[in-house]
Amino acid sequence: MTEHDERRDDTDAAPDYDIAAIAAKWQPVWDEMKPFATDDPADKRPRKYILDMFPYPSGELHMGHAEAFAFGDIVARYWRQRGFNVLHPIGWDSFGLPAENAAIERGINPATWTYENIDEQKLNFRRYGVSFDWSRVLHTSDPEYYKWNQWLFLKLYEKGLAYRKESWVNWDPVDQTVLANEQVLPDGTSERSGAVVVKKQLTQWYFKITEYADRLLDDLNQLEGSWPAKVLSMQRNWIGRSTGADVDFRVEGSDRTITVFTTRPDTLYGVTFMVVAPDSELAAELAAGSTPEVQAAFADYLVQAQKNTEIERQDATRSKTGIPLERWAINPANGERIPIWTADYVLADYGHGAVMAVPAHDQRDLDFARAFGLPVRVVVDTTAPVTGALQVITEEMLAEGPPDPVSTGEALTGDGRMINSGPINGLSKSNAISKIIEQLEAAGTGRAAKTYRLRDWLISRQRFWGTPIPIIHGADGELVPVPLDQLPVVLPDTEGLDLKPKGKSPLAAASDWMTVADPRDGSPAQRDADTMDTFVDSSWYFLRFLSPNDDLEAFSVSEAEKWAPVDQYVGGVEHAILHLLYARFITKVLFDLGYVSFTEPFSALLNQGMVLSEGKKMSKRSRKGTTFTAEVDKHGADALRLTLAFAGPPEDNINWEDVSPAASAKFLARAFRIASDVASAPEVEWKTGDVALRRLTHRFLADGPALAESLKFNVLVARIMDLVNATRKVIDSGAGPADAAVREAAEVITIALSLFAPYTAEEMWSRLGYQPTVALAGWRKADPTLLIEDSIVAVVQVDGKVRDRLEVSPKISSDELEKLARASAGVIRAIGDREIVNVIVRAPRIVNIATRAS
RNA sequence: GCCCCGGUAGCCCAAUUGGCAGAGGCAGACGACUUAAAAUCGUCCGAGUCAGGGUUCGAGUCCCUGCCGGGGCACCA
């Protein structure tokens, strides 16, 4: 005690709680024990796979990492306490441009920069106390990893899902590489460099993700409730399926037919002109067959249209432009001859690059028709009733009619009944749609069709630091897959290689590397100089973690059977489309190839919010913001983790100004002191036991799992605080530290705290007399007898207002409770001379007496 | 323009899913300890749930309208 008294003079808050010393003490113990290893085949525990999106090696961890990995670790540690064998691996998404740009700047190898950064992050993670299985680390830039990336590419190629085509592509003029559609922001800039993306016509490699569009869309339904609604909605929007019909229009004076996609085939009788995209082959062809004047005008218009940036083009308020092509199409429904125009409001790469214009019922077509004085014909009476049985259309109804779109400027897009439409007159919209499709199909001039916003995934990149595409270009122009036994195609040494972006892959300049024997006959051939989009790397990495050192296959099918899919995935919403869509696609491909037995890779998804400072994302560069290292130095990893977990619901943003790591450290010291106090009173008084504290402890044990499993970490922490406060009270002014209930509470607190503050909890566990590690102590089972209250307070309301409280048995009958309620003083006073009209009894909780003036 | 979230004490957040508005924290006040301060400990203070209407015995919770904030989509035929 003397030592203790001496320490009281110390300025430190809690004499024994020195988080730096505690962290230094336990980290080596855990390194030795490897409590989070998952490679024991004899382990019979049920399994969970908990994964955070693996980081890009950007050096020191930032607050966003701290938050996401805290959440993932809480979930992993929770399931371990529940007796599960938890796979919680870490790796690095280590190919990509920042390494390459840094290498160019400093004249070093991108690998040097990359692996130095990885080492730094590894140290950060260890310090942060994240419970990774360190034996499964992978880096996508290791040949041992990207070999299997190449294998995956070849599997897709074999299946016809990887192909080359020439097309207009997104070109990032800053990074000097092409980009996939998903990597271009809605404002037409690159999500990486921020540069305005331009269009270029190039031959590139694509993955045929569109072949999976329906499954990618429909399977989202399975994820309803387990994925954030926002992500589901973004993916649905991105895939953008619309259903309708393809209709073939014959071109007058030609064998050609123009097929258009429409969601409104019911309005086919209202088509008054047709519009083709200026940058489509079709437009060029139609113009070429027209007069010289039209040809000249078309050439001008095309140049003008292509000058418009994406931003200008998307401006819906921009007035319509276009020119007539002096060509004519024949409406297959009524044989009408309609003019063909070209206009840039029609997109070449959506549908068939041409639309049938129905100005009366489509706003864009109406705007165009009004601008150029084209005819407008109403074919749907949107004022006619559409519900109930089919009605005869009366004279009055026709006389009334819908408002004229030409004068109002408003297209009639609603439902209604068909008019001016020959055989489909009188039908409702949906009936007309099916009827017209039926007729078109019978006539062979149209068919039901679906179209998507989703485009195939462009995976070629003209940069160095990525996976080489395992294809050889034969002297005859044939594409020859690199034989499997020659994988990996390893990147060349950067020695003497200029990595500066110059519009084509730096690999093309590595002539020794580029020249290779054609696998067919040994004749000289060339490698493919491009590398793969790094999103290919991350589209399957969660499977590689299952057998990360396997040099015979990409991943073990039997291990995948045991562990996958991922039970809880954690990561930022910035990948709502990109990574998550690609990973879902590749998973479905692997399913079709028979490598996995599931079709969705991530059963549950948590998008953590951002950590903001002064309203802006906290970055290493922000002036006022603190850093990961500064916070861990100052308050310890535990306090930082606890702060982020306690700040609010995990999906909400955190304002750094609203939280206090100092307060978290204070709480941890307070919790720690309970363990110290209990340890200082080793003679447990088993006969006593504060029943109220035991009730609270077991209520906590009963409620905790649901809170953890619904990811309400903030509430779970609050409940631990509650239990700590109650225990403190019993120690100071109740039964004292030797009480059995206090010891029990201290142990439960320690185990619960281990999810959030592993270092502090380990030291507490040790003081309580246990061997490490508390991480495997196991969540205690709640004693059901302690969950039943002896008596509870029933509330008695009169007209919804609380008028009395009664202490009753939880097993009280409704009749008896009502009797007590009616007799209670508060009720009698409140009722006075009013008349009781109704009594609602919900035993044992509440009685509500409804009255009225008598 | 369309769609989706959210709005509860000065601040961050809870509320058994329709049953007493408060679990927890921050800030604040007071007290104990101290020569004093800090730290620590203890006690206390605090909204009737954005506004209006509806359903109900009973609404923070369900429905409608509006306001405010955040997000997604948008010339996609």
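These numbers come from the heavy atoms of this one structure, side chains and all, not from hydrogens, waters or symmetry mates. This one's a predicted model, so the numbers in the text were calculated from it and none came from an experiment. Throughout, protein chains are lettered first and strands after them, A, B, ... in sequence-line order, and every chain is numbered starting at 1.
Distance NZ (A/Lys729) to P (B/rU43): 5 Å, rounded to an integer number of Å. Put simply, CD1 on A/Ile846 is 13 Å from C1' on B/rA21, counting in whole angstrom units.
The partner of B/rA59 is absent, by the rule that a Watson-Crick or G-U pair needs both atom distances under 3.5 Å. Base-pair partner of B/rG1: B/rC73 (Watson-Crick or G-U wobble, both distances under 3.5 Å). Summarising the base pairing, B/rU35 is matched to no nucleotide, lacking a Watson-Crick or G-U wobble pair whose two defining distances lie under 3.5 Å. Applying the Watson-Crick and G-U wobble criteria (two distances, each under 3.5 Å), B/rC13 pairs with B/rG22. A 3.5 Å limit on both hydrogen-bonding distances identifies B/rU43 as the Watson-Crick or G-U partner of B/rA29. Of the nucleotides present, B/rC68 is the one that pairs with B/rG6 by Watson-Crick or G-U wobble criteria, both distances under 3.5 Å.
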Please tabulate, for the side chains in residues 265-277 of chain A, all donor-acceptor contacts under 3.5 angstrom to protein atoms that are two or more places apart in sequence or on a different chain.
unit_1   : atom_1 : unit_2   : atom_2 : d
A/Asp266 : OD1    : A/Arg264 : NE     : 3.0
A/Asp266 : OD2    : A/Arg264 : NE     : 3.2
A/Asp266 : OD2    : A/Arg264 : NH2    : 2.9
A/Thr267 : OG1    : A/Arg264 : O      : 2.7
A/Thr272 : OG1    : A/Pro375 : O      : 2.8

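Residues passing the side-chain hydrogen bond (donor to acceptor under 3.5 Å, both in side chains) test with A/His352, sequence neighbours excluded: A/Asp246. Shown here are the side-chain hydrogen bond (donor to acceptor under 3.5 Å, both in side chains) partners of A/Arg822, two or more places apart in sequence or in another chain: A/Glu818. In this structure, the side-chain hydrogen bond (donor to acceptor under 3.5 Å, both in side chains) partners of A/Glu657, at least two apart in sequence or on a different chain, are A/Ser613.
A/Lys199 has no carboxylate O lying under 4.0 Å from a charged side-chain N of A/Asp279, or vice versa, which leaves the two without a salt bridge. Between A/Lys819 and A/Asp815 there is no salt bridge, since none of the side-chain N atoms of the basic residue sits less than 4.0 Å from a carboxylate O of the acidic one.
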Pairwise N/O distances under 3.5 Å, protein to nucleotides 23-25 of chain B:
unit_1 : atom_1 : unit_2   : atom_2 : d
B/rG25 : OP1    : A/Asn725 : ND2    : 3.4

Below 3.5 Å between N/O atoms, which protein atoms pair up with nucleotides 57-59 of chain B? Just atom names and distances, please.
unit_1 : atom_1 : unit_2   : atom_2 : d
B/rC57 : O2'    : A/Asn848 : ND2    : 3.1
B/rC57 : O2     : A/Asn848 : ND2    : 2.5
B/rG58 : O4'    : A/Asn848 : ND2    : 3.4

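A gap of 11 Å separates the C1' atoms of B/rC64 and B/rU55, to the nearest Å. Here, B/rG60 and B/rU16 have their C1' atoms 15 Å apart, quoted to the whole Å. Annotation: B/rC44 and B/rG24 have their P atoms spaced 12 Å apart (nearest Å).
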Checklist line | A/Glu182/A/Trp457 under side-chain hydrogen bond (donor to acceptor under 3.5 Å, both in side chains): CA gap, chis, key distance, verdict | finding: CA-CA 8 Å; A/Glu182 290 76 12; A/Trp457 175 15; 5.4 Å; no
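Across all strands, A/Ala229 comes closer than 4.0 Å to no nucleic acid atom at all (heavy-atom distances). Nucleic acid contact class of A/Ser660 (heavy atoms, under 4.0 Å, all strands): none.
Crowding of A/Glu281 atom CD: a count of heavy atoms from other residues, nucleotides or ligands under 6.0 Å not exceeding 12.
Cation-pi contact between A/Lys320 and A/Tyr345: present, with separation from the ring centre below 6.0 Å and deviation from the ring axis of at most 45°.
B/rU17 shows a glycosidic angle within 90° of 0 and is accordingly assigned syn. A glycosidic torsion no more than 90° from 0 defines the syn conformation; B/rG66 lies beyond that range and is anti.
Heavy-atom distances to RNA chain B give each of A/Val346 and A/Ala794 a nearest nucleotide, and the one nearer the 5′ end belongs to A/Ala794. Nearest-nucleotide positions on RNA chain B place A/Lys230 closer to the 5' end than the other of A/Lys230 and A/Arg453.
Taking the six-membered ring where the residue is Trp, the centroids of A/Phe646 and A/Phe713 are separated by 6.0 Å or more.
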